[in-house]
Number of protein chains: 2
Amino acid sequence: MRIGELAERTGVSVRALRYYEEQGLLASERSQSGQRRYAENAVDRVRLIQQLYAAGISSASILEMLPCVVTGVAAPEVLAKLRGHRSSVVKQIEELQETLLQLDTVIAGATKTYATGVPCPPA
Amino acid sequence: MRIGELAERTGVSVRALRYYEEQGLLASERSQSGQRRYAENAVDRVRLIQQLYAAGISSASILEMLPCVVTGVAAPEVLAKLRGHRSSVVKQIEELQETLLQLDTVIAGATKTYATGVPCPPA
DNA sequence: GCTACCTCTGACGTCAATGTCAGGTTTCTA
DNA sequence: TAGAAACCTGACATTGACGTCAGAGGTAGC
């Protein structure tokens with residue numbers, strides 16, 4: 001498929017896809033005229049990249065770990081980094097859960113307070 | 001306390017603390033000579049700010065919700081935004097949990113593969 | 001073959017949360 | 001009462017993941 005279709009199917013911009021290629025994260029064949037052609041599995045690859053980005057992992061680290069994610073094989077140093085990222089993700093989850101509690105407390109309190117007619121400062 | 005101490009106690013840089021003030025997120029008294037003086041509770045405030053930042057909430061949104069978090073009272077529009085942020089945090093957690101599974105799969109697979117002596121590409 | 005849309009490269013712009021530097025004042029410690 | 005260390009404002013620099021624009025060529029439906 002061409003870049004526009006991949007963009008549409010993944011919800012990632014054309015610009016971002018070119019950027020991924022620039023970073024070595026996403027390969028493409030080229031047509032005679034130089035246009036990018038992607039295989040079907042590029043969709044999954046892009047989603048994986050997005051997922052790792054969302055976990056706060058840099059493109060350099062993603063580049064390093066991608067082949068391992070794909071092949072399921074990793075050198076010891078890479079494995080160590082993977083474990084490092086794993087614990088960082090765990091930590092992020094824990095922090096977000098704490099944030100969630102805070103938000104819930106505020107929402108519950110504010111809802112109740114507001115329901116009881118106590119005056120409240122506007123935004 | 002002065003800004004250096006607050007920075008040290010929260011693990012946030014002096015520059016960041018000034019930035020928070022600039023954004024209206026963190027107030028300070030000033031000494032005669034103009035130096036910032038913080039109350040004890042500033043430590044908690046800074047931690048809260050960091051927590052919200054970590055949840056991907058912008059300083060503008062934090063500014064909007066901070067008084068509510070502190071007072072426990074929120075106007076309906078603010079409450080709606082709080083709920084929006086809540087669900088975004090929930091989503092982030094879910095995505096991170098999925099990422100965690102991916103990482104675990106890779107780590108488990110790679111560990112096993114490597115243990116059995118299958119050759120593996122270096123980083 | 002015309003037209004509308006897609007794609008290409010290259011380069012500069014953006015945005016948010018800081019880093020960093022300069023040049024000057026204040027505060028603490030010996 | 002020095003001198004070091006901390007603080008001030010103001011301003012420009014940085015970083016990463018893109019957005020956006022220009023100018024040129026490719027592609028598909030009619």
Side-chain angles (χ1 to χ4, degrees), chain A residues 1-39 42-43 45-66 85 88 92 95-96 99, chain B residues 1-39 42-43 45-66 81 85 88-89 92 95-96 99:
Chain A
M1 80 195 81
R2 295 199 291 166
I3 199 169
E5 186 182 340
L6 182 57
E8 196 166 356
R9 284 176 60 182
T10 57
V12 169
S13 74
V14 167
R15 177 64 178 91
L17 294 176
R18 294 205 189 101
Y19 176 75
Y20 294 168
E21 181 168 321
E22 214 174 300
Q23 301 300 307
L25 303 178
L26 179 65
S28 67
E29 304 279 297
R30 294 299 183 114
S31 72
Q32 289 280 350
S33 64
Q35 293 199 349
R36 293 170 179 83
R37 295 301 146 104
Y38 297 95
V43 175
R45 165 68 70 118
V46 171
R47 292 204 176 120
L48 179 57
I49 294 171
Q50 284 271 301
Q51 200 171 15
L52 295 175
Y53 270 137
I57 300 173
S58 72
S59 54
S61 289
I62 294 178
L63 178 58
E64 193 173 33
M65 68 171 65
L66 257 185
H85 285 305
S88 130
Q92 279 180 69
E95 285 170 359
L96 284 177
T99 304
Chain B
M1 80 195 79
R2 295 200 292 164
I3 197 169
E5 187 183 340
L6 182 57
E8 195 166 358
R9 285 177 59 182
T10 57
V12 169
S13 74
V14 167
R15 177 65 178 89
L17 294 177
R18 294 204 189 102
Y19 175 76
Y20 295 168
E21 180 168 322
E22 213 175 299
Q23 301 300 306
L25 302 177
L26 179 64
S28 67
E29 304 278 297
R30 294 298 184 115
S31 72
Q32 288 280 351
S33 65
Q35 293 201 349
R36 293 170 179 83
R37 294 301 147 104
Y38 297 95
V43 175
R45 165 68 69 117
V46 170
R47 292 206 175 117
L48 178 58
I49 293 171
Q50 284 271 300
Q51 199 170 17
L52 296 175
Y53 270 139
I57 300 174
S58 71
S59 54
S61 290
I62 294 178
L63 179 57
E64 193 174 34
M65 68 171 64
L66 256 186
K81 287 207 177 179
H85 285 304
S88 130
V89 170
Q92 279 181 68
E95 284 171 357
L96 284 178
T99 304

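So you know, we letter chains A, B, ... as the sequences are listed, proteins then strands, and number each from 1.
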Q) Could you run down nucleotides 21-30 of chain C 5' to 3' and tag each one B, S or - for protein heavy-atom contact under 4.0 Å? A) -----SS---
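The separation between A:Ile62 atom CD1 and D:dG16 atom P is 12 Å, rounded to whole Å. Rounded to an integer number of Å, the gap from A:Ile49 CD1 to D:dG16 P is 17 Å. Atom CG in B:Leu63 sits roughly 13 Å away from atom P in C:dA16 (whole-Å rounding). Straight-line distance from the CG atom of B:Leu6 to the P atom of D:dA6: 15 Å, rounded to whole Å.
Atom-to-atom distance recorded for A:Ile3:CD1 and A:Arg15:CZ is 10.0 Å, nearest 0.5 angstrom. A distance of 12.0 Å separates CG in A:Leu63 from CG in A:Leu26, rounded to the nearest 0.5 Å. One distance of note links CG of A:Leu52 with CZ of A:Arg47; it measures 14.5 Å at 0.5 Å rounding.
For A:Tyr53, the ring pair (Phe, Tyr, Trp, His ring centres under 6.0 Å) criterion is met by A:Tyr20, not counting sequence neighbours. The side chain to side chain donor-acceptor pair (under 3.5 Å) test applied to B:Glu21 returns B:Ser28, B:Arg30, B:Arg36, not counting sequence neighbours.
Around atom CD of A:Glu8, no more than 12 heavy atoms belonging to other residues, nucleotides or ligands sit under 6.0 Å away. Under a cut-off of 6.0 angstrom, the local environment of CD in B:Glu22 is crowded, with over 12 non-hydrogen atoms contributed by other residues, nucleotides or ligands.
Checking B:Ser58 against A:Val14, the closest nucleotide of DNA chain C that is more toward the 5' end is the one next to A:Val14. Sequence order on DNA chain D of the closest nucleotides to B:Glu5 and A:Leu17 puts B:Glu5 first from the 5' end.
Considering only the side chain of B:Gln50, C:dT18 comes nearest among D:dC8, C:dT18, D:dA17.
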Q: Assess whether side-chain contact (heavy atoms from CB on, under 4.5 Å) is satisfied between B:Val12 and B:Gln50, documenting all intermediate values.
A: CA-CA 9 Å; B:Val12 169; B:Gln50 284 271 300; 3.6 Å; yes
Q | CA sep, side-chain torsions, deciding dist, call: A:Gln35, A:Arg2, side-chain contact (heavy atoms from CB on, under 4.5 Å) | A | CA-CA 8 Å; A:Gln35 293 199 349; A:Arg2 295 199 291 166; 3.1 Å; yes
Q. How far apart are the C-alpha atoms of B:Arg45 and B:Leu66, what are their side-chain angles, what is the distance that settles it, and do they pass the side-chain contact (heavy atoms from CB on, under 4.5 Å) test?
A. CA-CA 9 Å; B:Arg45 165 68 69 117; B:Leu66 256 186; 3.2 Å; yes
Below 3.5 Å, can you tabulate the donor-acceptor pairs from side chains in residues 54-62 of chain A to any protein atom, sequence neighbours excluded?
unit_1	atom_1	unit_2	atom_2	d
A:Ser58	OG	A:Ser61	N	3.3
A:Ser58	OG	A:Ser61	OG	3.4

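End-to-end axis angle of the helix from C:dG1-D:dC30 to C:dA30-D:dT1, using five pairs per end and rounding to 10°, comes to 20°.
Residue A:Ser59 has no polar side-chain atom (N or O) positioned under 4.0 Å from OP1 or OP2 of D:dG16. Distances shown here put every side-chain N or O of B:Arg15 at or beyond 4.0 Å from the OP1 or OP2 atom of C:dT20.
For residues 18-27 of chain B, proximity to DNA chain C is found at B:Tyr19, B:Tyr20, defined as any non-hydrogen atom under 4.0 angstrom from a strand atom.
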